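Here the structure comes first, spelled out in structure tokens, and everything after it is commentary.
We count residues from 1, following the sequence as given. Hydrogens, waters and symmetry mates are skipped; everything else that's a heavy atom, side chains included, is used. All figures in this text were calculated on a predicted structure; none of them were measured in a lab.
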Amino acid sequence: MSLRQPLTTKKTQVNLATFAWLTAMVLLWGLSWPATKLALGTVPPLWLAASRFGSAAVCLFLFCALRGRLKFPPVKDWSIVASIGLLQMTAFSGLGMIAMTHTDTSRAVLLAYTTPLWAVLMGWLLFKQVPSGRQLMALGVGLAGIGIICSPLEIDWTNPNILLGCAFLLAGAVCWSIVILHIKRHTWAASPLDLAPWQMLIATIPLSAFAFALEGPPTDITFDRELIELLFFIGPVATSVCFVISAEYGRRITAFAMSNFTLGVPLIGILSSIMLLGNNITPPFALGLVLVIISMMLAAWATKQSAAR
């Protein structure tokens with residue numbers, strides 16, 4: 001009995017530490033959405049995206065170097081570095097930040113996190129992965145929720161900018177879903193954390209090029225204290241620190257548990273947008289939110305059942 005007790009206590013401490021770090025990650029990721037909206041009042045969207053990944057890349061290069069893990073990605077991992085760097089970071093974040101200049105933050109964060117639904121659909125279309133009954137149910141419920149959120153009941157269809165914003169968010173979510181499918185099929189030579197700074201570097205280069213071409217040089221940006229604090233939070237904290245937490249502690253729990261944790265990100269993003277930005281929740285949006293959350297839970301549950309089989 002005396003031998004078992006310390007082991008049980010140690011395991012409980014590890015579980016509590018994992019829960020605490022992952023909770024902090026969810027809070028930081030969720031709060032990054034209203035912070036991004038505030039920064040977009042001063043910084044053009046593509047320059048903000050480039051700043052986010054550029055600063056986060058510097059932090060992760062230093063982090064990996066201090067741990068003696070900084071090395072060039074193995075050839076076997078080049079495809080996943082390019083996939084995450086270009087589709088998830090460049091396309092998803094670039095399109096998302098442009099969209100946030102045309103729509104409110106609550107709608108943006110919810111549509112952006114419909115990724116699990118598109119992963120089911122893209123797996124069906126690209127890899128002939130026939131969805132299970134639960135996955136089809138998740139897809140149907142989720143699409144119904146998206147339909148309500150993007151319907152004339154909720155948004156002004158006479159405003160092309162709002163429609164464009166919704167389209168960009170959904171396109172970004174589809175890009176991220178393709179990356180999810182690639183990650184599931186990829187055999188890793190290096191750890192995700194070792195590859196992260198290179199992925200962020202790859203994202204920074206095209207984002208900076210597009211920003212310079214489409215938004216001009218960033219000479220008109222006024223870097224006051226408030227903006228510097230927002231940029232520090234969005235890049236080094238909410239991107240690089242959260243990625244380290246995800247890589248270090250996300251692997252200590254099951255994929256199903258991690259899916260449930262990440263469900264908290266859009267909820268925190270929406271709640272913090274209401275409190276900090278004054279976003280309003282209309283009845284159609286609330287109904288769409290409930291349907292999308294239910295669909296994401298169904299998709300996660302279907303993934304757990306498939307893994308168990």
Side-chain angles (χ1 to χ4, degrees), residues 25 28-40 42-65 69-70 72-73 77-101 108-109 112-113 115 168-169 171-173 175-176 178-180 182-183 190-218 221 223 227-247 250 262 265 269:
M25 177 196 72
L28 292 173
W29 264 340
L31 289 170
S32 70
W33 285 88
T36 298
K37 184 69 171 182
L38 291 172
L40 285 170
T42 306
V43 184
L46 292 177
W47 277 121
L48 182 57
S51 169
R52 173 191 178 188
F53 289 112
S55 59
V58 171
C59 293
L60 286 180
F61 273 121
L62 290 173
F63 180 79
C64 291
R69 295 173 57 173
L70 182 59
F72 196 74
D77 286 327
W78 285 4
S79 63
I80 199 69
V81 170
S83 177
I84 294 176
L86 296 176
L87 287 178
Q88 181 179 344
M89 296 180 178
T90 302
F92 174 78
S93 295
L95 290 171
M97 289 196 182
I98 293 173
M100 288 181 69
T101 63
V109 64
Y113 274 86
T115 305
F168 276 10
L169 288 163
C175 289
W176 190 1
I178 295 172
V179 175
I180 290 175
H182 188 185
I183 289 173
S191 73
L193 184 56
D194 292 341
L195 300 178
W198 300 100
Q199 293 160 353
M200 293 182 184
L201 177 62
I202 285 181
T204 304
I205 295 171
L207 283 170
S208 299
F210 281 122
F212 193 87
L214 299 176
E215 298 171 348
I221 300 174
F223 290 91
L227 178 59
I228 292 173
E229 290 173 349
L230 286 171
L231 294 178
F232 180 78
F233 178 76
I234 294 167
V237 177
T239 302
S240 59
V241 171
C242 287
F243 197 98
V244 172
I245 295 173
S246 177
T262 54
V265 177

**Q.** Polar side-chain atom of Ser83 near backbone of Ser79 as donor-acceptor pair, under 3.5 Å
**A.** no
Q | Reported OG-to-CG distance for the pair Ser32 and Leu230, which is rounded to 0.5 angstrom | A | 11.5 Å
Q) Going through the checks in order, is the side-chain contact (heavy atoms from CB on, under 4.5 Å) test met by Phe53 and Ile202? A) CA-CA 9 Å; Phe53 289 112; Ile202 285 181; over 6 Å; no
Q.
Let's go through Ile84 and Leu195 carefully: what are the C-alpha distance in whole Å and the side-chain angles of both, what is the deciding distance for side-chain contact (heavy atoms from CB on, under 4.5 Å) to 0.1 Å, and is it a yes or a no?
A. CA-CA 10 Å; Ile84 294 176; Leu195 300 178; over 6 Å; no
Q: Give the intermediate values and the outcome of side-chain contact (heavy atoms from CB on, under 4.5 Å) for residues Met200 and Phe61.
A: CA-CA 10 Å; Met200 293 182 184; Phe61 273 121; over 6 Å; no
Q: Could you tell me which non-hydrogen atom of Ala108 sits nearest to which non-hydrogen atom of Leu169, and how far apart they are?
A: CA-CD1, 3.4 Å
Q | Flag if over 12 foreign heavy atoms under 6.0 Å of CZ, Phe63 | A | yes
Q) About how many Å separate CD1 of Ile178 and OG1 of Thr115, when rounded to the nearest 0.5 Å? A) 11.0 Å
Q: Would you give the length of the straight line joining atom CD1 of Ile234 to atom CE of Met97, rounded to the nearest 0.5 angstrom?
A: 6.0 Å
(Q) If you define the side chain from C-beta out and look only at heavy atoms, does anything of Phe223 sit under 4.5 Å from Thr42? (A) no
Q: Rounded to the nearest 0.5 Å, what's the gap from CG on Leu48 to CD on Glu215? Could you check?
A: 9.5 Å
**Q.** Side-chain (Ser246) to main-chain (Cys242) donor-acceptor, under 3.5 angstrom
**A.** no
Q. With sequence neighbours left out, which residue pairs that include part of residues 47-58 fulfil the side chain to side chain donor-acceptor pair (under 3.5 Å) condition?
A. Arg52-Ser93, Arg52-Thr239
Q: Taking the side chain as every heavy atom from C-beta outward, state whether Thr101 and Pro44 have any atom pair closer than 4.5 Å.
A: no
(Q) Counting C-beta onward and ignoring hydrogens, is there a side-chain heavy-atom pair between Leu87 and Phe92 closer than 4.5 Å? (A) no
Q.
Return the CH2 to CD1 distance between Trp176 and Ile180, rounded to the nearest 0.5 Å.
A. 6.5 Å
Q: Spell out, as yes or no, whether a donor-acceptor pair under 3.5 Å connects the side chain of Trp29 to the backbone of Ala238.
A: yes
Q | Minimum side-chain heavy-atom gap Trp78-Trp198 below 4.5 Å | A | no
**Q.** OG1 on Thr90 to CZ on Phe210, rounded to 0.5 Å
**A.** 8.5 Å
